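The next block holds one structure in the form of structure tokens; read it before the comments.
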Amino acid sequence: MKCTQGDVAHITFSIRPQNVGLIVKVKEYIGQFEKGEQFQFRGMPCQCLISDHYWWIEADDISTLLGPSPQAYIADSWLEPIKQPKKAIKLKKELDIFN
């Protein structure tokens, strides 16, 4: 898998072209599924287009078959994690102490 829970990533491929390039938060691991397999996640029926690991993602405006949504599921291989420099992560942790 390329992603881990909590990553910030951009979408490199989607059946909805308007989602390509969208920056998302990798929220929760769903599981590994085979092409054509169906599953329910949080009451939503899901269909796997490829054999892969699947993630629940969040962003402001993800285009889905049901219209715009703040959440969706996606294959791991269709995401590219955006790696933050370790220095930036350390600084953010130090700043969070004061909040």
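Not measured: the values here are computed from a predicted model. Residue numbers run from 1 in the order of the sequence given.
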Quiz prompt | Derivation of the side-chain contact (heavy atoms from CB on, under 4.5 Å) call for Gln71 and Trp56 | solution = CA-CA 7 Å; Gln71 302 177 40; Trp56 192 248; 2.4 Å; yes
Quiz item: After noting the C-alpha distance and the side-chain angles of Asp52 and Glu34, does the key distance pass the side-chain contact (heavy atoms from CB on, under 4.5 Å) rule?
Solution: CA-CA 7 Å; Asp52 203 345; Glu34 297 298 318; over 6 Å; no
Quiz item: Please walk me through it: do Val26 and Leu79 pass side-chain contact (heavy atoms from CB on, under 4.5 Å)?
Solution: CA-CA 9 Å; Val26 180; Leu79 295 169; 4.2 Å; yes
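Hydrophobic clustering, with ILVMFWY side chains joined whenever heavy atoms are under 4.5 angstrom apart, groups Val24 together with Phe13. Ile62 and Val20 are assigned to two separate hydrophobic clusters, defined by single-linkage of ILVMFWY side chains at heavy-atom distances under 4.5 Å. Criterion: ILVMFWY side-chain heavy atoms under 4.5 Å apart, direct or through other members. Under it, Ile57 and Ile23 are not part of a common hydrophobic cluster. Note: the hydrophobic cluster containing Ile11 also contains Ile15 (ILVMFWY, side chain heavy atoms under 4.5 Å, direct or indirect links).
In this structure the side chain of Phe39 reaches within 4.5 angstrom of the side chain of Cys48, judged on heavy atoms. Side-chain contact between His10 and Ile82 is present, with at least one heavy-atom pair separated by less than 4.5 Å. Residues Glu58 and Pro70 fail the side-chain proximity criterion, which asks for heavy atoms closer than 4.5 Å. Within the 4.5 Å cutoff, the side chain of Arg16 has heavy atoms near those of the Leu65 side chain. The shortest side-chain heavy-atom distance between Gln38 and Phe33 does not fall under the 4.5 Å cut-off. Counting only heavy atoms from C-beta outward, the side chains of Val8 and Pro81 never approach each other to under 4.5 Å.
Looking only at distances, a side-chain donor or acceptor of Thr64 sits under 3.5 Å from a matching main-chain atom of Gly67. Within the 3.5 Å criterion, the main-chain N or O of Ser63 finds a donor-acceptor partner in the side chain of Asn19.
Residues forming a side-chain hydrogen bond (donor to acceptor under 3.5 Å, both in side chains) with Gln40 (at least two apart in sequence, or on another chain): none.
Side-chain contact check for Trp55 and Glu28: no donor-acceptor pair (N or O, by modelled atom type) lies under 3.5 Å.
Between Tyr73 and Phe41, a ring centre-to-centre spacing not shorter than 6.0 Å is recorded.
A salt bridge (charged side-chain N to carboxylate O under 4.0 Å, His left out) check over residues 70-80, counting only residues at least two apart or in different chains, returns the pairs Lys2-Glu80.
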